Amino acid sequence: MTAIEPWQTAEIAGPKRASVIIKPEVADAMIQRAKHPVLIIGHLAAAIDLDDHKMIDYLLLLAQKGHIPIIGTGNTNRELQKRGYREGGIMPAVDIGQRLCDPTWKGLDGKEPYDLAIFAGLPYYMEWTILSGLKHFAPHIKTMTLDNTYQPHAHWSFANISVKDWLENLKAIIENLEG
Amino acid sequence: MTAIEPWQTAEIAGPKRASVIIKPEVADAMIQRAKHPVLIIGHLAAAIDLDDHKMIDYLLLLAQKGHIPIIGTGNTNRELQKRGYREGGIMPAVDIGQRLCDPTWKGLDGKEPYDLAIFAGLPYYMEWTILSGLKHFAPHIKTMTLDNTYQPHAHWSFANISVKDWLENLKAIIENLEG
Amino acid sequence: MLSIYTTLNPGVERLTGKGINIRFKELQSDIGFIKDLELSIGKLSEERWSEPQGPTPFPSIIALRNWDRQLLKRYPPFYLPFCDLCCLCTYGKCDLTGTKRGACGITIGAQQSRMVLLATCIGAATHVSHAHELVECAIRKYGAGFPLDPGGLAVEVEAPVIRLVCGIKPEKLGDLEGVLEYLESQVTCLLSSVHTGQEGDNLDLESKVLHAGMIDQVGMEVADIAQISAFGYPKADPDAPLVDLGMATVDTTKPVILIIGHNVPPAISIVDYLAAHRLTDEVTVTGICCTAIDVTRYTANAKIIGPISWQLRYIRSGIPDVIVVDEQCIRTDALYEAEKIHAPFIATSEKNCMGLPNRTQDPADAIVRDLVSGKMPGVLILDPAKVGEVTVRVAREVAPERRKVGSLLSTKEIIELARNCTQCKQCRRACPNDLHIPESMKAATKGNTTMASDMYEVCVGCGRCEQACPQNIPIHTIIISAASRTMGEEKFRCRTGRGAIQDVEIRKVGGPLVLGEIPGVVAFVGCANYPKGGKEVAEMCVEFAKRRYIVCTSGCSAISIGMYRDEEGKTPYEQYPGSFDAGGIVNVGSCVANAHIAGAAIKIASIFARRNLRGNYEEIADYVYNRVGAVGVAWGAMSQKAAAIASGFWRLGIPVVVGPHGTKYRRMLLGRADRDEDWYVHDRRTGNEVYVGPVPEHLFFSAETKEEAMVMIAKLCMRPNDTGKGRAIKLTHYIDLHKRLLGTIPDDIYRYVRTMTDVPITEKEEITRQLHAHDWVENTIPDPTLLLWQIKKQEQ
Amino acid sequence: MLSIYTTLNPGVERLTGKGINIRFKELQSDIGFIKDLELSIGKLSEERWSEPQGPTPFPSIIALRNWDRQLLKRYPPFYLPFCDLCCLCTYGKCDLTGTKRGACGITIGAQQSRMVLLATCIGAATHVSHAHELVECAIRKYGAGFPLDPGGLAVEVEAPVIRLVCGIKPEKLGDLEGVLEYLESQVTCLLSSVHTGQEGDNLDLESKVLHAGMIDQVGMEVADIAQISAFGYPKADPDAPLVDLGMATVDTTKPVILIIGHNVPPAISIVDYLAAHRLTDEVTVTGICCTAIDVTRYTANAKIIGPISWQLRYIRSGIPDVIVVDEQCIRTDALYEAEKIHAPFIATSEKNCMGLPNRTQDPADAIVRDLVSGKMPGVLILDPAKVGEVTVRVAREVAPERRKVGSLLSTKEIIELARNCTQCKQCRRACPNDLHIPESMKAATKGNTTMASDMYEVCVGCGRCEQACPQNIPIHTIIISAASRTMGEEKFRCRTGRGAIQDVEIRKVGGPLVLGEIPGVVAFVGCANYPKGGKEVAEMCVEFAKRRYIVCTSGCSAISIGMYRDEEGKTPYEQYPGSFDAGGIVNVGSCVANAHIAGAAIKIASIFARRNLRGNYEEIADYVYNRVGAVGVAWGAMSQKAAAIASGFWRLGIPVVVGPHGTKYRRMLLGRADRDEDWYVHDRRTGNEVYVGPVPEHLFFSAETKEEAMVMIAKLCMRPNDTGKGRAIKLTHYIDLHKRLLGTIPDDIYRYVRTMTDVPITEKEEITRQLHAHDWVENTIPDPTLLLWQIKKQEQ
Ligand code: SF4
Ligand code: SF4
Ligand code: SF4
Ligand code: SF4
Ligand code: SF4
Ligand code: SF4
Ligand code: SF4
Ligand code: SF4
């Protein structure tokens, strides 16, 4: 049961808590079901080692394979730029949180409201608080996190899993998207 | 997962939560391992129907089979008397909670400190708060509840189970004690 | 402290609250030039009040720390952490499980005490700020020189709590302002102690809780003596009028106004407007919660509907045509509920604006128009006079149209709705009292609404079931609809708040009480978060009145007590007199009137025992603690105010019993009857240490059931000072209740028998056996005190 | 309101705070008999202060509700619920998930706002009660007539916040008491609104938060001008002395005293005692947190050790021989930590007694004996003078014996202890900054302590890792031991608090600031709950100073800024001047000195723009909001005080940026740049509605990283009133930072360009492209205001 506790011990959520992504297919299904998903990448994605790469590299792959627009928070955009990715939107995390609560907001691309917000790479507690805001105030949108820590306020989250499992899952998710 | 949520939805506990008694043997093992257990029966035990009997009847059976002293809280003692059980100690629930926090307290029978406190039949929220007190302030004592609702602050608790499952479990526990 | 020397703008050098002293070095003013004027005005009041000043007038937050420590040594907190975490600052959340400390170093125990301090600060702030409003309002109307007169001729000791705590004797409305300043500075200072990285010792936090409670008690006294004086409420009148209570007392053919809250001026202004326009008989004024009680203290024409928990059901009944809320204990969804029955809504307090547009400055005509037309569902009006006019006019205009449309359902509708139930149990899991809602829904689908209607009495009207239901079944509405017959029979009489206790009453009962011959004072106070309905409070009340205890009551409890009838169809208020005497049921009034109950205990020390009150808190509390067998019972205590009220009683040495929900107050203050060493007092006469037994055993106790509570109440009335005769009487009640309710003779009687004269005759044999079994030896009955200096005083 | 008419004991009829008026009907006193005396003293101050009274002197809790609503309309709360539940009363816990209401009817949004109000009330209470202590202490020492003089000759507008809010002009210490009364009544009233069943509208709760913030700001000003005046701190001195900062500045061969907290009198008494006994050079006085800053304002001999987060590490270093704590931000386990290094402990505040015996009344000899002998690990002494003597004597007596024994570990010991690690990760999961402790333990077992020592800088010293470790590994001690070299190099210089800003400085920068030519005022304030160490604050500070913003700082942030060196080994304070001017780094002082930053903004309106201040809050806030490009940055905001300070800035129209932990403050106040309709102002001259773009875009913003913060700070400095030149300068910084830190030119420049003169030359091409892409049309630059009545004023 430990694995599906909040990663930061004390960040207990209330009665409504995230479902665990027990296998990559779950995440893929969500992504594929979404009409207008968005991937929100925090600055830690560029700091966390995954294999020989950084977490952000896998997220980029995911976004490209899944045709998911990216919004970089913090100073993430700089890392995206470094990697030659130029279409990234830039927006602070709290701003995105606020915008997503507005069901009429058409997204950074102005197309249509996002229906799935995928978070990754934000500081745990900040992602926790923002997902809390969305849980309560954005019933029209599904949320998912791809960090390897359990985020109780998301709709779907990994449990607290090892880096090894994480990497495997991420790879599988990316792979499945191709199919 | 719902079954191991607090019965009263909002009574969320912190990081340390009860293990679930998944089968009667678990409870029996605890009872048999205890040198000086005590069974604390709240007033609801005489109000709750179990089969053709009341919950308190099964608890009495359990106490007798397991040679466990009983303390009746609230007005439980009156019900014990009615059933011809005269050895019951009488003590308000908060008083027991407080006494149990004192590792030198030798119990109502003056024998030796209780090492296992089994709770049943208190109002859910009151049992919750008292078990919370014990969780934090009585590390020397194990706590168990035999209600059919999950009590996160105990060491062992049933999940939220149906009356049917509950009855089966109680019967099995009592039976095993005999063996 | 500001209240000691209040220095103001240029010219005024210094101005002290007690023994006032004003010096001007030089003063050029309209009327002339003054140089080196020194006015010492203190003398004036000294002359009229010869009582010498005690050691702690206007005590600082730790001035009574030693006394607190005495109490807390006997009754250390037993913690029942309500959350394992702390979330008060951005270092958090912190996990405080077991021995873990938070990021600021705090422990789980201290954290619980800190939360209690926070709650009591909120409670005290609420009463103090309420008192401030009342005093201000009264001064605006009558001037600061208006005399305080809470008791007419019957009361000489007029403001016992203020005298005791502040060491001053307020005589005019204006005198209360200095008291309020002091209270506000204390609330601020106490609240500051809650800050991250301030007080971290659990007992020091508890001492501050007690201080907050005392401050709260002063605040309540300020509020109630101000309103009694200004609005001409019954003045310590045992025969305060009986008034209508209950929904069924309302004539639904007339326009009906509903007032909810605590701060009475808007309600009074409504009553005045009606009177001025000869409309008193045309429009009915009804109230819920303390404003209800207070408006009936102003006019017996007004009707009390019920306690706090009656809000949803009364609004949904559709009876009220206009809803006026002032402050405290108001459902935050009242506006939303009002909209559903198309009742215009008027908020009247800065503290509770409810998001409404502030129309205070607008002409009444315009406001009435907007409310009647429905252009605005509600408004904020901060001028009580305008509230009076607007409310009455709107009520009269909308009533014919509204035709009392509510949300009640027919049985057919109930069945229909109940069919949507999936038996998911979310409702029951959300219900504070774990009511069997799913089961009752199942029954309802079969046309059986008895289970639903049975819940009416035990439902606290919180609405959480509805919030939880995924099928959006209007559960609470179903319950009240199923019980519409019961609702239709809610027709009772309640004695309105009499205010203070007369000196002559104190004189009469002082002796018997202190000697133990009147077995005790039991005060049923506080909110309506009952585990099994309000009936239990009424039953307890009647039981103790029958046993000729002095029963006091206030607030929501006083209302619940009135909603009960004996076999003859009489309510307790109709059956028992309102006098502060054995067998009386004394409704002092609204929540703030609680101060009079504390005041009565204090006055016993002053009037009966002739102890000095003035600034002499510790001695008086010690007196009350050791001699006055009083117990507070807050069976449905819910709020932060209730927490503060209880704390005020504790510091005065009066134990408080709460219902099972009271365990959520995060800790109990329990004694250890089994530890003999805890129960010694000093004998004032001899200086000896004398074992007196665990009396009173607890300071703050949560009972699981009514039965447990009653036995404990009887037990907690014992005091070291009881005479043999008194103790025997008290033990008789204790034993009798124990036998009846718990089935046996208690096994701890031996702890309460000091000499054989203590033994009640009825159970002599059994008790003697107990005494033998416990190697009992006879002991002396001391002149008890916890205070070392009280002995020294005798020695001198 | 009490502060309007304060009526006291018999004789004094009425006494008003502003325009004092005393009437005696009859007065018999020692010095004679007076009949019908009427003193009108108000005139005196009127004469000296010709400024007309504004509309809202001593505003009630809703007097500025309309202004608040204006702000909240643009910046509605974005809630980040920190808990899904409410546990404030015994109806609870209530589940407030989504749209569920609690048993009192409250919603999750309102509950968050209520918790914020609770926090800001605690914060405001803390400052107000601190101010109360300081004023009282100063009056005790110097009398109520002692003149207030926070700025010497350089400051004419001396108490801008008090003038603005209260509409009075305090001239003597005693004048502050009336202000304190007002503040305490407001805190009480606001706190009351938090009670169950009071305010339930989220925006009304937020409005009350803003009121609490304003009250807090007044409280801070009272505190700081009182202490500056009484203790002779630097008076608005840009050249306030540079003082030692850092553990390595302490001469460990001497006895060392450590003072922690905020309330400086005990520390000052220590310094005075040393001076009086010619011991200044024999004993070192060191401090942590605000008392450290304030004692260096009193004497440049004292040393600052570090911000709040330095408590554990400094105590464990073993350097301090005696630890004295006063109030606020003190670890509640400080006594426990002190015991571990055998350092006697002295608590000095009623608000933080720490369970210690109160020895205030005992002779110093006895206390010293008990502390030195170790008979008592700590004592409570409430008399600052006695604290001075006892502390110094104890320090000198224990120092030789103690020999600075601390808890630091050798590398060998570290390796040994690290071996016990089971890699369970509980420590990391407990660490607020998710530091890689298990990994560093693993490395340590292999003798590599670099990972451990690397954590030193980013560790906030909370100790939660140790609390969580099932193996009881002293993790924090390991970290600081591994970093002992770094600790040994903590030797910096910090400019001590200069206090207020001079009028002449305001005159100089007022124009350039309001026109936008000085790009902004950036104030780094608040606690040390940094996500990645204090270095980030210093880096931000230097960046903006370099860019010739006016940089202000205070409290723990001011200390963190000093703990940083550039390539030349200079601290920011050594590199940048202390003047309130472009490129200056202005340390105003301790937390309460924050009021001077607000005061500077207010003074710009008064001195530069000649707007009336007196009781004229709304107009001045509107002025500041629309014209003064100021931003507060509380990168490590942790406490309830920080919440209150931020709220005070918001009400004045100054946005605040916090670090990522700031999301735990339960809600942000964010604007919607994409909603054009939100960004219209009235043109005061023409009355037209003019689109001005999202300036400032946010009122309360939590940045994820330093880089994001810096870009946002630059952006938030823009104001509608900027001239073309000013806007171009501000945009240049914004664009430049965005490019450098986020890698691109921002895509929202078009929102900030009103006319082509706004466009910075450097990026003209790209910007022009953006303008075209967004169908940009030229607009006017209005004389901006949000207040309709400001136009009317013009029309007249
Ligand atoms: S107040 Fe203390 S225990 Fe509470 S969150 Fe803050 S640091 Fe943690
Ligand atoms: S309204 Fe009544 S039935 Fe519903 S949850 Fe509340 S107490 Fe239970
Ligand atoms: S919550 Fe609604 S659907 Fe579920 S059991 Fe209760 S009434 Fe039925
Ligand atoms: S008794 Fe409780 S619920 Fe009733 S009015 Fe008083 S505080 Fe409110
Ligand atoms: S203390 Fe209350 S609000 Fe805070 S985490 Fe616990 S339940 Fe939630
Ligand atoms: S204050 Fe309201 S939401 Fe909070 S516990 Fe009480 S009833 Fe529930
Ligand atoms: S003391 Fe430092 S390492 Fe330990 S939990 Fe706190 S911040 Fe993390
Ligand atoms: S908590 Fe202790 S044992 Fe567990 S990983 Fe951290 S240091 Fe190792």
Side-chain angles (χ1 to χ4, degrees), chain A residues 2 5-17 42-44 72-82 86 88-95 97-102 105-106 108 110 121-139 149 152-153 160, chain D residues 76 78-85 93 95-100 107-109 112 425-426 428-434 464 468 531 660-668 670-675 697-698 700-709 711-712 738 740-744 746-748:
Chain A
T2 344
E5 281 172 354
W7 168 247
Q8 291 202 323
T9 313
E11 307 290 5
I12 307 280
K16 190 176 163 190
R17 289 182 297 274
H43 79 288
L44 292 176
T73 66
N75 49 328
T76 301
N77 192 59
R78 204 147 186 273
E79 298 291 336
L80 294 174
Q81 296 279 330
K82 269 197 210 160
R86 306 231 173 271
I90 302 176
M91 206 175 214
V94 290
D95 272 331
Q98 178 228 35
R99 294 290 203 285
L100 289 176
C101 289
D102 174 0
W105 185 56
K106 293 229 164 65
L108 265 197
L122 284 160
Y124 182 82
Y125 54 90
M126 196 186 198
E127 200 168 298
W128 191 95
T129 44
I130 291 174
L131 284 167
S132 170
L134 295 175
K135 175 171 98 173
H136 290 278
F137 294 96
T149 48
H153 288 304
N160 298 318
Chain D
F78 165 48
Y79 292 111
L80 305 149
F82 199 30
C83 181
D84 300 340
L85 312 169
K93 299 179 181 178
D95 173 18
L96 306 176
T97 306
T99 57
K100 290 199 180 81
T107 60
I108 186 81
Q112 302 312 300
K425 297 190 190 160
Q426 292 302 328
R428 186 171 163 193
R429 292 181 57 200
C431 175
N433 284 335
D434 200 18
R464 283 211 313 224
H661 285 290
T663 54
K664 299 174 194 166
Y665 278 124
R666 292 176 167 80
R667 58 102 181 82
M668 299 284 117
L670 305 176
R672 282 287 296 264
D674 58 329
R675 281 214 294 240
E697 186 178 349
H698 298 311
F700 187 39
F701 173 84
S702 161
E704 179 188 343
T705 62
K706 181 188 72 170
E707 292 80 7
E708 185 172 277
V711 172
M712 184 55 78
H738 199 285
R740 179 149 67 80
L741 301 171
L742 307 187
T744 56
D747 58 7
D748 61 353

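Quantities reported herein were computed from a predicted structural model and do not represent experimental measurements. A note on names: the letters A, B, ... follow the listed sequences, proteins ahead of strands, and every chain is numbered from 1.
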Are the side chains of [X] and [Y] in touch, meaning some heavy atoms are under 4.5 Å apart?
| X | Y | value |
| --- | --- | --- |
| A/Glu11 | D/Lys664 | yes |
| A/Pro123 | D/Glu704 | yes |
| A/Asp95 | D/His698 | yes |
| D/Asp84 | A/His136 | yes |

Below 4.5 Å from any heavy atom of chain D, which atoms of [X] appear? Answer side chain, backbone, both or neither.
| X | value |
| --- | --- |
| A/Leu80 | neither |
| A/Gln98 | both |
| A/Ile130 | both |
| A/Phe137 | side chain |
| A/Pro139 | neither |
| A/Glu79 | neither |

Next item on the list: For D/Asp434, check side chain to side chain contact (heavy atoms under 4.5 Å, CB included) against everything at least two apart and list the hits.
Entry: A/Trp7, A/Gln8, D/Arg428
Notebook entry, point to check: With D/Tyr665, which residues qualify under ring pair (Phe, Tyr, Trp, His ring centres under 6.0 Å), at least two apart?
Noted result: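 If we apply the ring pair (Phe, Tyr, Trp, His ring centres under 6.0 Å) test to D/Tyr665, skipping adjacent residues, there are no hits.
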Check: A/Met126 and D/Pro660: which non-hydrogen atoms are nearest, and at how many Å?
Finding: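 Looking at all heavy atoms of both residues, the closest pair is SD-CB, 3.9 Å.
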Checklist line | Heavy-atom closest pair, residues D/Phe78 and A/Cys101 | finding: CE1-SG, 3.6 Å
Looking at [options], which makes the most heavy-atom pairs under 4.5 Å with chain D?
| options | answer |
| --- | --- |
| A/Lys135, A/Lys16, A/His43 | A/His43 |
| A/Lys82, A/Arg86, A/His153 | A/His153 |
| A/Leu134, A/Asp102, A/Leu44, A/Thr149 | A/Asp102 |
| A/Asn75, A/Leu122, A/Asn77 | A/Asn75 |
| A/Ala13, A/Gly133, A/Pro15, A/Ala93 | A/Pro15 |

Item checked: Sidechain N-carboxylate O distance under 4.0 Å for A/Arg78, D/Glu707 -> no
Can you tell which part of [X] gets under 4.5 Å to a heavy atom of chain A, answering side chain, backbone, both or neither?
| X | answer |
| --- | --- |
| D/Pro76 | neither |
| D/Asp747 | neither |
| D/Glu697 | side chain |
| D/Arg667 | neither |

Check: Under 3.5 Å, is there a donor-acceptor pair between the side chain of A/Ser132 and the main chain of D/Pro81?
Finding: yes
Margin query: Which one wins on heavy-atom pair count under 4.5 Å against chain A: D/Ala703, D/Ala673, D/Ser702?
Written below: D/Ser702
Next item on the list: Find the one option among D/Val711, D/Asp674, D/Leu85 whose heavy-atom pairs under 4.5 Å with chain A are most numerous.
Entry: D/Asp674
Notebook entry, point to check: When you look at D/Arg464 and A/Thr9, which way does the side-chain contact (heavy atoms from CB on, under 4.5 Å) test go after all the steps?
Noted result: CA-CA 11 Å; D/Arg464 283 211 313 224; A/Thr9 313; over 6 Å; no
Check: Between OH of A/Tyr125 and CG of D/Asn433, what distance do you get to the nearest 0.5 Å?
Finding: 5.5 Å
